[in-house]
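Residue indices begin at 1 and follow the sequence shown. Both ligands and their constituent atoms are indexed starting at 1 by order of listing.
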Amino acid sequence: MIADTWIRAAVARLNDVERPRAEARLLLAHAMRVPSEHLFSHPEIEIPNEFVIIAEDFLRRRANGEPLSRILGYREFWSLVFAIGQEVLDPRPDTEILVEAGLDAIAGLQTPYILDLGTGSGCILLALLSERKSALGLGLDRSKGACKNALLNSQRLGLSNRAQFVCGDWAEAFSNIGNGFPGFDLVVSNPPYVGTVNGPRPDKATEQFDPPSALYAGPDGLDAYGELALQIPALLAPGGVVVIEIGEGQSAAVTKLFEQAGFIRQRELNDIGNRVRCLTFKLA
Ligand code: GLN
């Protein structure tokens, strides 16, 4: 079959997609393992049958509502390309606000040391390290697959000499940290915050295709914040800053949890849709 013929037929099946032609071309290029520009400049190219079969499978998944990034296995975040496996949350453009807030928090420091709790693909930490060449970072995740995924991204982005990844549950991973540990200058986190009963609801694609362990945090979605608020103080350097993502409507409740643990709220930042998405704290 000719590439252009396949793409035309695919467009007709991608009814709910904003840029069906571009996506159809990307899916076919991914199946053929060629850059999509190649199909753009050679629409008349003949597709070997084995690639048609693979492309048909990608198309069926996309028409079924699976995000393009999941099918392609990568997502752009902070203008960097991140591999995303099944075990990590698909990075969202809204989360880039945490990178902005984090950069602001470490602006005056020579060699900032950054901790990313629940690092997933590593996107927040690695975006920060890509901007601040003298910074060092540690990413923690309880999922082994996520740690591997983040490590792979650090290698692909040429940041593995400044990033380390550790597998473990929040505080447990640091239980044998020595007394002499100077602490992290910045702790960032996009923890799970979807409630199983109340609180922010994920959209259908999120619920279906993102790993549940990266989404759900108790009945009202606040469980992870409660744990983080209690555990971060022992990990912070003097003057250190916490930058966290929150879900819609969680600002007051999360602020309260952190205030109870001795923090003072510094900033409240909005996402692309103008909802409060990020809070920053310092210890009182
Ligand atoms: N941002 C995800 C959503 O759109 C939730 C991710 C999370 O819980 N951290 O629902």
Please check whether Tyr193 reaches ligand 1 - meaning an N/O of the residue sits under 3.5 Å from an N/O of the ligand, judged on distance alone.
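Yes; at least one N/O pair falls below 3.5 Å.
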Assess whether side-chain hydrogen bond (donor to acceptor under 3.5 Å, both in side chains) is satisfied between Glu87 and Ser143, documenting all intermediate values.
CA-CA 7 Å; Glu87 279 135 314; Ser143 147; 4.5 Å; no
Quick test of your reading of the structure: of Pro192, Gly247, Pro191, whose heavy atom lies closest to atom 9 (N) of ligand 1?
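Shortest heavy-atom distance from atom 9 (N) of ligand 1: Pro191.
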Per-atom contacts, ligand 1 versus Ala214 - under 4.0 Å to a heavy atom:
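Close to Ala214: 7 (C), 8 (O), 9 (N).
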Within a distance under 4.0 Å of any heavy atom of Asn190, pick out the atoms of ligand 1 and give their elements.
9 (N)
How would you list, by chain and number, every residue that makes a ring pair (Phe, Tyr, Trp, His ring centres under 6.0 Å) with Tyr113, sequence neighbours excluded?
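Result, ring pair (Phe, Tyr, Trp, His ring centres under 6.0 Å) vs Tyr113: Phe184.
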May I ask you to check whether Thr206 and Arg92 show a side-chain donor-acceptor distance below 3.5 Å?
yes
Any chance you could lay out the side-chain hydrogen bond (donor to acceptor under 3.5 Å, both in side chains) test for Glu245 and Tyr193, step after step, and finish with the verdict?
CA-CA 9 Å; Glu245 175 160 333; Tyr193 54 67; 2.7 Å; yes
So which heavy atom in the protein is nearest atom 3 (C) of ligand 1, and how far is it from that ligand atom?
Arg92 NH2, 4.0 Å
Kindly write out the residues that satisfy side chain to side chain contact (heavy atoms under 4.5 Å, CB included) with Arg265, not counting sequence neighbours, or none if the list is empty.
Ser251, Thr255, Glu268, Leu279, Phe281
